[in-house]
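Beneath this line is the structure, given in structure tokens, with notes to follow.
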Protein chains: 2
Amino acid sequence: MSIDQSDEMSIGTLLFIAQRAFEEDIVAALHASGFEFTLAQGRLAARIAENGSRLTDLASAAGITKQSAAYLVNQLETAGLVSRHDDPHDARAQLVVLTAYGKQAQKEARKIEAGIEARWQKFLGEPEFLALKKQLLTLREQVDRHDPTH
Amino acid sequence: MSIDQSDEMSIGTLLFIAQRAFEEDIVAALHASGFEFTLAQGRLAARIAENGSRLTDLASAAGITKQSAAYLVNQLETAGLVSRHDDPHDARAQLVVLTAYGKQAQKEARKIEAGIEARWQKFLGEPEFLALKKQLLTLREQVDRHDPTH
DNA sequence: CCAAGTAGTAAGAGTCTCTGACTAAATAGT
DNA sequence: ACTATTTAGTCAGAGACTCTTACTACTTGG
């Protein structure tokens, strides 16, 4: 975000435009495929690990409070996309796990994502697209305070 | 946004992480400099042209409804960052213009932005950083439905 | 001059997020 | 073991942002 003119667009604004276009395309395509969820729900669901994730970890990964994460997990649960299970190793904790339906949504989301990436790769050229991803990955290592590898 | 594992991070998620880090850094730095505004206010203010912008154009550029834009402009006006003027060429329209204080905030925001960009450039290397910006700019031409050059 | 389109407002609801305060379980240091 | 601290999650309430629907006023193109 910035306060500047549109003809001197900052990298923040450029990231914003690309990022939102990506998200909107996914939500629209998922909607067209019969899956109904919101941006915030999707962002959280995207961070659920294969064998389940703790609420606190999801919140941290998504960069929101655990209260906000709980709100979203409740909605995903109501929608039948995730279920909660007690963590066998910690009686305080739960594991949020994708249901079969949730995994179906995940599969569809991945397919849609791959389609968008393929389209973008065509716009930019393959080497440029791969370079873009690589640079964003490098950037993430520097800026993501929730990066699990930190 | 996606539903996938963190170790197979999509470009959407990577864009999200970088974009949010950028915005959060700016808001935090502006706050430290004594300017108080929110992400949404800043995103809108960033799109106000030198000689003023119409509410509808701001809304379109920011990708929100004109009602939402009006809500944000009201807040920016209350905070003394912008003022509204009648458009001399169209009695229906207004021009939203940065006040002197708003321009001061703009100047500060640009300085902060430049600092973040410099830091990122150091992380990535200059040619890689410039390539990143160029690729994002190309992407914008393809995906931004609100691009004025479309 | 009239029909259609455009700029902006008004009211109200929905979504997402936060802060502050809390319970219960785990853990570290006596 | 016992206690203090930390961690996982919940509850309640408020605030920020956005949307939809409906409207007024002005402009523009026949």
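Quantities reported herein were computed from a predicted structural model and do not represent experimental measurements. By convention in this document, chain letters (A, B, ...) are assigned in the order of the sequence lines, proteins followed by strands, and residues within each chain are numbered from 1.
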Between A/His89 and A/Thr65, the residue closer to the 5' end of DNA chain C by nearest nucleotide is A/Thr65
Among C/dC16, D/dT18, D/dG9, which is the nearest nucleotide to the side chain of A/Leu55? D/dG9
N/O (side chain, B/Gln41) to phosphate O (OP1/OP2, D/dA16) under 4.0 Å: no
Does the ring centre of A/Phe16 sit less than 6.0 Å away from the ring centre of B/Phe22? no
Rounded distance in Å - CG (B/Leu58) to P (C/dA7): 12 Å
Can you tell me the distance, in whole Å, between the CG atom of A/Asp87 and the C1' atom of D/dT7? 13 Å
Does A/Asp86, at its CG atom, have more than 12 non-hydrogen atoms belonging to other residues, nucleotides or ligands within less than 6.0 Å? no
Which nucleotide in the list D/dT20, C/dC16, D/dA8 gets nearest to the side chain of A/Thr38? C/dC16
OP1 or OP2 of D/dG9 versus the side-chain N and O atoms of A/Thr56: is any pair under 4.0 Å? yes
B/Ile64 CD1 - D/dA16 C1' separation (whole Å): 12 Å
Is there a donor N/O on one and an acceptor N/O on the other, under 3.5 Å, for the side chain of B/Gln67 and the base of D/dT21? yes
Name the closest nucleotide to the B/Lys66 side chain, picking from C/dA7, C/dC16, D/dT20. C/dA7
Output the single nucleotide from C/dA7, D/dC26, D/dT18 whose closest atom is nearest the side chain of B/Ala40. D/dT18
Assign B/Asp90 to base, sugar-phosphate, or nothing according to its heavy-atom contacts below 4.0 angstrom with the strands shown. sugar-phosphate
Write down the distance between CG (A/Leu39) and P (D/dT18), rounded to a whole number of angstrom. 12 Å
Would you kindly compare A/Arg54 and B/Ala91 by the position of their nearest DNA chain D nucleotide and give the one closer to the 5′ end? A/Arg54
Got a sec: does the CG of B/Asp87 have more than 12 other heavy atoms crowding it under 6.0 Å? yes
Taking atom C1' of D/dT7 as reference, at what distance in whole Å does atom CG of A/Leu95 sit? 15 Å
Which of D/dG9, D/dT18, C/dT17 is nearest the side chain of A/Tyr71? It is C/dT17
What's the CG-P distance between B/Leu76 and D/dC17, to the nearest Å? 10 Å
Would you please indicate if the ring centroids of A/Phe129 and A/Phe123 are separated by under 6.0 Å? no
Protein-nucleotide distance (B/Gln75, atom CD; D/dG15, atom P), rounded to Å: 13 Å
What is the nucleic acid contact for A/Ser68, judged by heavy atoms within less than 4.0 Å: base, sugar-phosphate only, or nothing? base
Can you tell me the distance, in whole Å, between the CD atom of B/Gln94 and the P atom of D/dA25? 15 Å
Give a yes or no on whether a donor-acceptor pair under 3.5 Å exists between the nucleobase atoms of D/dT27, that is its base, and the side chain of B/Arg92. no
May I ask you to decide whether B/Glu108 forms a salt bridge with B/Lys111, counting only side-chain N to carboxylate O separations under 4.0 Å? yes
Side-chain N or O of B/Arg84 closer than 4.0 Å to phosphate OP1/OP2 of C/dA7: no
B/Arg119 with B/Asp25: basic N within carboxylate O range, under 4.0 Å: yes
